[in-house]
Amino acid sequence: MFLFHTIKALRDYLYHQRQAGKSVGFVPTMGALHTGHLSLILASKAANDLTICSIFVNPIQFNNPDDLSRYPRTLTADCTLLEGAGCDAVFAPSADEMYPDTPALKFNFGDLERVMEGQFRPGHFNGVAIVVSKLFNMVQPDRTYFGQKDLQQVAVVRRMMLDLGFQIELCPQPTLRETDGLAMSSRNRNLTDEERPVAAHIFKVLTLAKEAILAGQSPAEARQLAYAHFAQEPAFRLEYFEIVNAHSLQTVETTQLHNQTALCVAAYLGKVRLIDNFVF
Ligand code: AMP
């Protein structure tokens with residue numbers, strides 16, 4: 001497996017691979033890799049000749065400096081996992097390599113970012129869109145793999161690709177979970193031993209809300225139920241629990257329930273911010 005730190009080295013490698021007619025799958029990550037990330041690598045390997053993974057903790061998508069400084073960085077262990085999964089090359093640039101100057105460009109995704117993550121993390125999706133569009137230009141993949149765990153990110157990237165005309169196939173992948181239902185996440189490493197079992201409460205509440213809807217309750221009732229269950233677990237500070245259309249991200253009423261309805265949650269457990277969702 002190759003490890004590149006510069007755009008030039010990555011481009012030289014990819015140029016020769018493309019000359020040889022190889023198709024390229026691309027998995028952007030921020031590292032501290034777990035089995036969920038590796039499932040994206042495996043999905044890419046199944047459909048492409050070459051799989052490239054980027055590892056870059058993108059400073060401009062963090063609105064909270066503590067979150068950025070606490071974000072785990074484990075490049076050596078990540079490379080071992082990627083090599084084991086059969087990844088062909090890793091691109092791990094420095095912040096200076098990615099941002100020789102502060103980007104002047106600003107993305108505005110309108111309604112897509114006025115809710116949920118966009119509402120609670122102002123500027124987050126501008127940072128995501130800048131880094132993802134830069135990475136797309138550097139890698140020029142045929143296909144790209146994103147986790148449905150970051151449902152709003154998938155919707156924003158889909159919109160960015162449409163608006164900018166990227167000729168890349170977006171391949172969203174299901175969320176991998178721990179045995180107690182907790183969605184795998186790099187941030188789980190920052191949970192204390194006491195917090196870790198409590199974190200599975202998020203999955204339990206999502207399950208209860210989903211069952212309530214399937215039993216005929218309205219989205220508003222299911223949302224209320226979720227808020228009540230979070231109130232019973234004081235270790236959590238709930239930011240939002242929303243029931244939305246997975247593409248438009250706008251709130252769903254009873255008459256609009258269908259198989260693209262998503263239950264989305266974000267909550268702090270101690271200092272760790274966790275997000276999760278179920279899509280019907
Ligand atoms: P991150 O390193 O957190 O930016 O994540 C990199 C990619 O992995 C994103 O597309 C995430 O949605 C995806 N991802 C993160 N957690 C999981 C998971 N538990 N299952 C599947 N994909 C995931």
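Computed from a predicted structure; not experimentally measured. When a ligand or atom number is given, it counts from 1 through the structure's own listing order. For this chain, numbers begin at 1 and follow the sequence in order.
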> Among the heavy atoms of Gln173, does any lie under 4.0 Å from an atom of ligand 1?
Replying inline: no
> Relative to the heavy atoms of Lys149, which atoms of ligand 1 are at a distance of less than 4.0 Å?
Replying inline: 16 (N)
> Looking at atom 11 (C) of ligand 1, what's its closest protein heavy atom, distance included?
Replying inline: Asp150 OD2, 3.1 Å
>> Using a 4.0 Å cutoff against the non-hydrogen atoms of Pro28, which atoms of ligand 1 qualify?
In response: 6 (C), 7 (C)
> Quick one: are the ring centres of Phe109 and Phe125 less than 6.0 Å apart?
Replying inline: no
>> Is it the case that the side chains of Ser23 and Asp49 hold a donor-acceptor pair, with the cut-off being a distance below 3.5 Å and no angle test?
In response: yes
> Counting heavy atoms only, which part of Leu40 comes closer than 4.0 Å to ligand 1: side chain, backbone, both or neither?
Replying inline: side chain
>> Ring centres under 6.0 Å, that's the criterion: do Phe230 and His201 meet it?
In response: yes
> What is the closest protein heavy atom to atom 10 (O) of ligand 1, and at what distance does it sit?
Replying inline: Gly147 N, 2.8 Å
> Of the protein's non-hydrogen atoms, which lies at the shortest distance from atom 1 (P) of ligand 1, and what is that distance?
Replying inline: His37 NE2, 3.6 Å
>> Check whether Asp150 reaches the backbone of Gln153 with its side chain - one donor and one acceptor, N or O, closer than 3.5 Å.
In response: no
> Taking His5 for the side chain and Ala92 for the main chain, is one N or O donor matched with an acceptor at less than 3.5 Å?
Replying inline: yes
>> Please verify the inter-ring angle class for Tyr13 with Phe2; under 30° counts as parallel, over 60° as perpendicular, anything in between as tilted.
In response: tilted
> In ligand 1, which numbered atoms sit nearer than 4.0 Å to a non-hydrogen atom of Pro174?
Replying inline: 20 (N), 21 (C)
> Which ligand 1 atoms, with their elements, are less than 4.0 angstrom from a heavy-atom of Leu176?
Replying inline: 18 (C), 19 (N), 20 (N), 21 (C)
> With a cut-off of 4.0 Å, which atoms of ligand 1 are near a heavy atom of Tyr71?
Replying inline: 3 (O)
> Which of the atoms in ligand 1, numbered in the order shown and given with their element, are less than 4.0 Å from a heavy-atom of Met30?
Replying inline: 1 (P), 2 (O), 4 (O)
> Does His34 reach ligand 1, in the sense of a heavy atom lying below 4.0 Å from it?
Replying inline: yes
>> Can you confirm whether Arg159 is buried at CZ, in the sense that more than 12 heavy atoms of other residues, nucleotides or ligands lie under 6.0 Å from that atom?
In response: no
> Just checking, any donor-acceptor pair under 3.5 angstrom between side chains of Tyr240 and Gln119?
Replying inline: no
>> Could you check, using the six-membered ring where one of them is a Trp, whether Phe91 and Phe4 have ring centers closer than 6.0 angstrom?
In response: no
> Near Met184, which atoms of ligand 1 are under 4.0 Å from a heavy atom of that residue?
Replying inline: 16 (N), 17 (C), 18 (C), 19 (N)
> Any idea which atoms of ligand 1 are less than 4.0 Å away from a heavy-atom of Phe146?
Replying inline: 10 (O)
> Hey, looking at atom 22 (N) of ligand 1, which of Gly36, Ala43, Ser54 has the closest heavy atom?
Replying inline: Gly36
> Side chains of Asn48 and Tyr145: is there a donor and an acceptor less than 3.5 Å apart?
Replying inline: yes
